[in-house]
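Just so you know, these numbers come straight off a predicted model, no measurement behind them. Throughout, numbering of the chain's residues begins at 1 and tracks the sequence.
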Amino acid sequence: MTMPFDGYGLIQEIDVRLTVELGRKNLPLREILTLGENSLVELDRLTDEPLDIMVNGRLIARGDLVKVGEDRLGVSLTQIVKDYVAD
């Protein structure tokens with residue numbers, strides 16, 4: 001895989017937190033306290049909407065959920081957020 005930031009040397013080795021967000025939901029604490037096994041929390045996204053992919057909390061891309069092998073999930077990047085990559 002080619003990095004879009006060739007020439008940055010050692011900083012490419014710095015660990016960052018990659019987060020894939022399925023969706024969000026605001027709930028009052030009283031509802032959160034009632035959650036248990038088999039509880040269902042409906043998120044704010046439709047099943048065919050792309051997922052947000054963030055690095056250290058900053059949106060960098062969007063993508064689709066994919067199955068990898070028999071028992072793993074992955075994300076296929078479908079869009080790089082324009083503000084993240086300098087022209």
- prompt: Just how far is it from atom CZ of Arg58 to atom CG of Asp52, taken to the nearest 0.5 Å?
  reply: 14.0 Å

- prompt: Leu65, Val68: one ILVMFWY side-chain cluster at the under-4.5 Å cut-off?
  reply: no

task: May I ask whether Ile32 and Val41 are part of the same hydrophobic cluster, defined by side-chain heavy atoms of I, L, V, M, F, W, Y residues being less than 4.5 angstrom apart, directly or through others?
output: yes

Reported CG-to-CD1 distance for the pair Leu77 and Ile53, which is rounded to 0.5 angstrom: 4.0 Å

message: Using a 3.5 Å distance criterion without hydrogens, assess whether the side chain of Thr78 forms a donor-acceptor pair with backbone atoms of Arg62.
response: yes

field: Arg17 side chain vs Met54 backbone, donor-acceptor pair below 3.5 Å
entry: no

message: Do Leu51 and Val66 land in one hydrophobic cluster if side-chain heavy atoms of ILVMFWY residues count as linked below 4.5 Å?
response: no

message: Please check if the number of heavy atoms outside Asn38 that lie under 6.0 Å from its CG is greater than 12.
response: no

- prompt: Do Val20 and Val16 belong to the same hydrophobic cluster, where Ile, Leu, Val, Met, Phe, Trp and Tyr are linked whenever their side-chain heavy atoms lie under 4.5 Å apart, directly or via other members?
  reply: yes

query: CG/Asn56 to OG1/Thr19 distance, rounded to the nearest 0.5 angstrom?
result: 8.0 Å

- request: For Ala61 and Ile80, work out which heavy atoms get closest and say how close.
  value: CB-CD1, 4.0 Å

query: Is the backbone of Arg24 close enough, under 3.5 Å, to the side chain of Asp44 for a donor and an acceptor to pair up by distance?
result: yes

task: Look at the side chain of Glu31 and the backbone N and O of Pro28, then say whether any donor-acceptor pair between them is shorter than 3.5 Å.
output: no

